[in-house]
Amino acid sequence: MKKILFLSVCILLAVLTACKNKEQGHAHQHASSEKYTCPMHPQVVQDGPGTCPICKMDLVPIRNNGAKGELQLSQRAVQLANIKTVKTGKGQFQASKVLNARIVNNPELSEAVSSRYAGRIEKLFVKETGYAVAAGQALFQIYSEQLQSLQQDYLLQVRQSEAFPGEKIYKDLKVAAAKKLGLFGFTQAQIRELVRNNRTSPFITVYSPASGIVNELMVSEGQYVSEGMSVMRLENYSSLWVEADIYPNESAVVKIGDVVKVRVNGLSGQEQESKIDFIAPQLNASTQILTVRAPLRNSRNLLQPGMQAEVFLPLSGKEEAIKLPLNAVIRDGNGAHVWVMTGNNKFALRQVHTGKEDDASILIDSGLSGNEEVVISGAYLLYSEFTLKKG
C-alpha cells in the first residue's frame, strides 16, 4: 500500500514539473518574440531589451496597438498632440512661384527742397532726418541780399503804379515783379505782408511744398548755399514699390498687368494683391537677373523701405482638385503619406500620390476619395508615435 502511495506522489510531481516547464517555455518564447526600439531613434530595433547604440538610452518594447497601419490614441493624447482634421473636397488651386523681393521708395512721391537763391541758412526748423512734416510747414529761414533787392524792386513798382494809376506799363511792371518774387519762393501772403509793412527784409522762411518724411538733410545752420543747392529731401511713404528678382528663363511667364500676391516678412496677415507695372528692359550686369516692380499701398504706415518680402507669381490657371496643407503630407523613403481618421481617435496611414504645390498647399492626385477626415495638424507627431508603437 505504501508503495502504491509513493508511486502516485512521484507521478503527480512529474506532471506538475512538466506543466511548469511548458509555461516557462511559452513565456520565454513570447519574450523572445517581443521587439524593442529606442524612443529617440526608432530605426533601432532588436529582439530583446538593451541600450541604444546611438544615444545609450534604454530600449522600450514595441507594443502592437490596433491593426496594421492604424493607430489608436486616447482623448488626452489627441488633445496634447493638437491633432486637427479637415474633410477633404475638391477646391480651386493655382500654382505660383515665390520670388525674393524688397520694399523700396516710390521716387514719384519724393520731393527735393532746394534753395532758389544764394544765401546763408539762418535757422533750421527741422534738424534731423525721420521727422514728419506737413505741406505748408516752415522748414528753414535763409538770409539773402539778392532777395532783399527783389523786394525793393517790387515796392518801387507798387509806389509807381499807385502814383500813375492810369499808366498800364506800371501795372505790368508791378505784376512782373510779383511773379519774380513768386519764382523765388515768396507766397501771396508774404507779398501782401511786404506791401502792408512797406519794409524789406533779407530773411525769408521757406515752407514745405508737400507732406512727407525728411529722408535727407544736406545743410546745417550757418552754412552758405548757392542757387539751386539741395537743402533736404522729403519721402512720402503712403505708397511704396516692391521689387522682385526673376531669372531670364522665367521672364516669358511674366508680363505687365499680372496680378501677384505680396507678403512682407515679419508682418503676418499683411498680404496684399498688386499688379506688375514695370519689367526691367535688361539684365543686371552683376547678378544676371531681371527686376519686376509693383506698387504697394501703405495707408497704415506699416511698411518701410528696406523690408524683405515675397512675391507669389501665378504660373498656371486654376483647377479643381483635392487640396491639403503642406503640413498634412508626410514624405519618407516609401513616398508620400497622410493620416486619415477612421474612427473615434483612430487613425490610419494612407499612401497618396501628390501633384503641384505652392508655399502653403499641395494637390493630391490619388489615394483619397474626397470625402474623408484627414489630419492637417499633428501629422508628424502621429507618425512618430506610430513608429514607436509599430516599429
For the atom pair CD (Glu122) and OH (Tyr143), what is the distance rounded to the nearest 0.5 Å? 9.0 Å

Under 3.5 Å, side chain of Asn298 to main-chain N/O of Leu303, donor-acceptor pair present? yes

Side chain Ser377, main chain Asn82, donor-acceptor under 3.5 Å: yes

Using the rule given for side-chain contact (heavy atoms from CB on, under 4.5 Å), can you reason through Tyr207 versus Gln137, listing the C-alpha separation, both sets of side-chain angles and the distance that settles it, and then say yes or no? CA-CA 5 Å; Tyr207 298 91; Gln137 181 177 335; over 6 Å; no

Do we see a donor-acceptor contact under 3.5 Å between the side chains of Asn265 and Glu310? no

Taking all non-hydrogen atoms of both residues, which atom of Pro305 and which atom of Tyr237 are closest, and how far apart? CG-CE2, 3.8 Å

Do Gln160 and Glu167 touch side chain to side chain, with heavy atoms closer than 4.5 Å? no

Check the hydrophobic clustering (I, L, V, M, F, W, Y; side-chain heavy atoms under 4.5 Å; chains of links allowed) and say if Phe278 and Ile246 are grouped together. no

Donor-acceptor contact present, side-chain Ser208 to main-chain Ala210, <3.5 Å: yes

For Thr85 and Glu373, does a side-chain donor sit closer than 3.5 Å to a side-chain acceptor? yes

Worked verdict on Phe186 versus Gln151 for side-chain contact (heavy atoms from CB on, under 4.5 Å): CA-CA 10 Å; Phe186 259 73; Gln151 296 175 47; 3.7 Å; yes

Between the side chain of Asn284 and the main-chain N/O of Ser286, is any donor-acceptor distance below 3.5 Å? yes

Assess whether side-chain contact (heavy atoms from CB on, under 4.5 Å) is satisfied between Leu194 and Leu181, documenting all intermediate values. CA-CA 11 Å; Leu194 173 64; Leu181 283 175; 4.2 Å; yes

All heavy atoms of Gln282 vs all of Leu290, minimum pair found to be O-CD2, 3.3 Å

Can you tell me how far apart CG (Leu155) and CG (Asn198) are? Round to the nearest 0.5 Å. 5.5 Å

Is the side chain of Arg350 donor-acceptor paired with the backbone N or O of Leu368 at a distance under 3.5 Å, no angle test? no

N-O pairing of Arg293 and Glu243 below 4.0 Å: no

Kindly give the heavy-atom pair with the smallest separation between Ala294 and Ser274, and that separation in Å. CB-OG, 3.5 Å

Gap separating the CG atom of Leu326 from the CZ atom of Arg331, nearest 0.5 angstrom: 7.0 Å

Find out whether Asp245 and Thr291 are in side-chain contact, i.e. whether some heavy atom of one side chain is under 4.5 Å from a heavy atom of the other. yes

Should we say atom CZ of Phe164 is surrounded by more than 12 heavy atoms from elsewhere, each under 6.0 Å from it? no

Which value, rounded to the nearest 0.5 Å, describes the distance between Lys174 atom NZ and Asp172 atom CG? 11.5 Å

Side chain of Asn106, backbone of Ser110: donor and acceptor closer than 3.5 Å? no

State whether the number of non-hydrogen atoms from other residues, nucleotides or ligands found under 6.0 Å of Gln146 atom CD is greater than 12. yes

Neighbour count >12 (heavy atoms, 6.0 Å) for atom OH, Tyr247: no

Of the non-hydrogen atoms in Ile142 and Ser115, which two are nearest, and what is the gap between them? CD1-OG, 3.5 Å

Look only at the side chain of Asn197 and the backbone of Arg199, and say whether a donor-acceptor pair between them is shorter than 3.5 Å. no

So, applying side chain to side chain contact (heavy atoms under 4.5 Å, CB included) with Trp339, which one of Val374, Val329, Ile83, Ile330 is it? Ile330

Under 3.5 Å donor-acceptor, Thr187 side chain and Gln190 backbone: yes

Are Ile256 and Leu283 connected, step by step, through hydrophobic side chains (Ile, Leu, Val, Met, Phe, Trp, Tyr) whose heavy atoms are closer than 4.5 Å? yes

So how far is it from Met229 CE to Gln223 CD, rounded to the nearest 0.5 Å? 4.5 Å

Could you pull out the closest heavy-atom pair between Val78 and Asn345, with the gap in Å? CG2-OD1, 3.6 Å

Given the rule that I, L, V, M, F, W and Y join up when any side-chain heavy atoms are under 4.5 Å apart, are Tyr117 and Phe140 in one cluster? yes

Return yes if some donor-acceptor pair links the side-chain N/O of Gln272 with the main-chain N/O of Arg297 below 3.5 Å, else return no. yes

Considering only heavy atoms from C-beta outward, does the side chain of Val98 approach that of Arg263 to under 4.5 Å? no

Single-linkage hydrophobic cluster, 4.5 Å side-chain cutoff, Val231 and Val126 together: yes

Heavy atoms only: give me the nearest Val311-Val262 pair and the separation to one decimal. CG2-CG2, 4.3 Å

Verify same cluster id: Tyr131, Ile121 (apolar side-chain graph, 4.5 Å): yes

Step by step, would you call Val214 with Leu139 a side-chain contact (heavy atoms from CB on, under 4.5 Å)? CA-CA 10 Å; Val214 178; Leu139 296 180; 5.7 Å; no

Gap between atom CG of Leu147 and atom CD1 of Ile204 - 0.5 Å precision: 5.0 Å

Has Ser161 got a side-chain atom pairing as donor or acceptor with Tyr170's backbone, closer than 3.5 angstrom? no

